[in-house]
Amino acid sequence: QVQLVESGGGLVQAGGSLRLSCVASGRTFSSYAMGWFRQAPGKEREFVAAISWSGGRIYYADSAQGRFTISRDNAKNTVYLQMNSLKPEDTAVYYCAASPSAYGLTMVGSYDYWGQGTQVTVSS
């Protein structure tokens, strides 16, 4: 089992920044790829960013490319999502997730463990 706890969400004006954190406990964090997803009201959960266990491979959704940065610190069992130039359409609950796989990291079904989510609200 892996337990994931997100933090860092909040209310920010358009153009602002937030840094989300996700701390993992339980089984070996460094053996899991990690991803960030988000879900807005009435919409499906969608991929935002993912990082391999070593940090050597990183993936972004088109909507996140150039504005968001995913990183991880295996010594701290933590994955981060730095979000800059935020837009109102970024408003959603953001979830971190852990995957034992090295492939398919853009897909919800590839992840075995999920956090409870943290709300991000961007005002215009």
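FYI, side chains are in, hydrogens and waters are out, and symmetry mates aren't considered; it's all heavy atoms of this structure. One is the number of the first residue; the rest follow in order along the sequence. All values reported here derive from a predicted model rather than from experimental measurement.
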Which value, rounded to the nearest 0.5 Å, describes the distance between [X] atom [atom1] and [Y] atom [atom2]?
X     : Y     : atom1 : atom2 : result
Arg72 : Cys96 : CZ    : SG    : 11.0 Å
Ser25 : Gln1  : OG    : CD    : 10.0 Å
Leu18 : Gln82 : CG    : CD    : 8.5 Å
Cys22 : Tyr94 : SG    : OH    : 15.0 Å
Leu81 : Ser21 : CG    : OG    : 9.5 Å
Gln39 : Glu46 : CD    : CD    : 9.5 Å

Heavy-atom pair with the smallest gap, counting every atom of [X] and [Y]:
X      : Y     : result
Ser85  : Ser17 : N-OG, 4.3 Å
Ser124 : Ala14 : CA-CB, 4.4 Å
Asn74  : Ser30 : ND2-CB, 3.6 Å
Val120 : Gly9  : CG2-CA, 4.1 Å

Evaluate the side-chain proximity of [Y] to [X]: yes if any heavy-atom separation is below 4.5 Å, no if none is.
X     : Y     : answer
Leu4  : Met34 : yes
Arg38 : Ser63 : yes
Trp36 : Val79 : yes

Checklist line | Verify same cluster id: Ile51, Trp53 (apolar side-chain graph, 4.5 Å) | finding: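 Different clusters: Ile51 never reaches Trp53 through Ile, Leu, Val, Met, Phe, Trp or Tyr contacts under 4.5 Å.
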Next item on the list: Following the transitive rule for hydrophobic clusters with a side-chain heavy-atom cut-off under 4.5 Å over Ile, Leu, Val, Met, Phe, Trp and Tyr, establish whether Phe29 and Tyr32 coincide in one cluster.
Entry: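 Cluster IDs for Phe29 and Tyr32 match.
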Notebook entry, point to check: Looking at residues at least two apart in the chain, or sitting in another chain, which of them share a salt bridge (Lys or Arg N to Asp or Glu O under 4.0 Å) with Arg67?
Noted result: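 Result, salt bridge (Lys or Arg N to Asp or Glu O under 4.0 Å) vs Arg67: Asp90.
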Next item on the list: Please identify each residue that fulfils salt bridge (Lys or Arg N to Asp or Glu O under 4.0 Å) with Glu89, with sequence neighbours left out.
Entry: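 By the salt bridge (Lys or Arg N to Asp or Glu O under 4.0 Å) rule, Glu89 matches no residue at all.
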Counting distance only, does the side-chain N/O of [X] pair as donor-acceptor with the main-chain N or O of [Y] below 3.5 Å?
X      : Y      : value
Thr121 : Thr91  : no
Gln116 : Val5   : no
Tyr103 : Ser110 : no

Next item on the list: Check the pair Leu86 / Phe68 against side chain to side chain contact (heavy atoms under 4.5 Å, CB included), numbers first and verdict last.
Entry: CA-CA 9 Å; Leu86 283 161; Phe68 295 1; 3.9 Å; yes
Next item on the list: Among Ile, Leu, Val, Met, Phe, Trp and Tyr joined by side-chain contacts under 4.5 Å, find the other residues sharing a cluster with Tyr111 and list them by chain and number.
Entry: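 Same cluster as Tyr111: Phe37, Phe47, Tyr59, Val93, Tyr95, Leu105, Val108, Trp114.
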Check: Does the side chain to side chain contact (heavy atoms under 4.5 Å, CB included) test come out yes or no for Glu6 and Leu20, once each step is laid out?
Finding: CA-CA 7 Å; Glu6 303 97 334; Leu20 305 184; over 6 Å; no
